[in-house]
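We use all heavy atoms of the structure for the numbers below, so side chains are in, but hydrogens, waters and symmetry mates are not.
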Amino acid sequence: MPGDERRLTSRLWTALARIARDTKPVEAIPAVSTAVRLARTANDAEALTDALVTLAGKLARANAFDDAAAAVSEAEALAPAQNACACSS
């Protein structure tokens with residue numbers, strides 16, 4: 001599958017995972033895992049970041065907090081600097 005198709009298919013799987021959260025939660029993690037895999041093979045950082053953030057949410061809902069944290073950390077590393085939070089404590 002060409003890179004553009006992998007990127008678009010990744011986006012589709014990410015959207016399906018978001019929908020599945022409410023309709024078929026048991027299918028959400030496999031759907032977003034497919035999205036992550038496709039975004040990686042497409043070398044699309046934006047699609048991968050979106051899929052990883054979605055995956056983190058699904059994993060947290062499944063009480064897989066360590067895996068969720070790993071997905072968030074990877075997404076943060078991929079995010080452009082202008083998206084960094086300038087939060088104060």
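- The hydrophobic cluster containing V32 also contains L78, counting ILVMFWY residues as joined when their side-chain heavy atoms lie under 4.5 angstrom apart, directly or transitively.
- Taking every heavy atom of both residues into account, K58 and A17 meet most closely at CE-O, 3.4 Å.
- A pairwise comparison of heavy atoms in A79 and T49 identifies N-OG1, 4.5 Å as the closest pair.
- Applying the side-chain hydrogen bond (donor to acceptor under 3.5 Å, both in side chains) definition to pairs two or more places apart or across chains, those involving residues 64-78 are R40-E74.
- Applying the salt bridge (charged side-chain N to carboxylate O under 4.0 Å, His left out) test to R61 and every residue at least two apart in sequence or in another chain returns nothing.
- Among residues two or more places apart in sequence or in another chain, the side-chain hydrogen bond (donor to acceptor under 3.5 Å, both in side chains) test is passed with R18 by D50, T54.
- With hydrophobic clusters built from ILVMFWY side chains whose heavy atoms lie under 4.5 angstrom apart, W13 does not share a cluster with I29.
- Scanning for side-chain contact (heavy atoms from CB on, under 4.5 Å) contacts around A39 gives S10, A47, L48, with sequence neighbours left out.
- Legend: residues meeting salt bridge (charged side-chain N to carboxylate O under 4.0 Å, His left out) with E27, ordered by chain and number and at least two apart, are absent.
- Residues that satisfy the side-chain hydrogen bond (donor to acceptor under 3.5 Å, both in side chains) test with E46, not counting sequence neighbours, are R11.
- If you chain together hydrophobic residues whose side chains sit under 4.5 Å apart, F65 and L59 never meet in one group.
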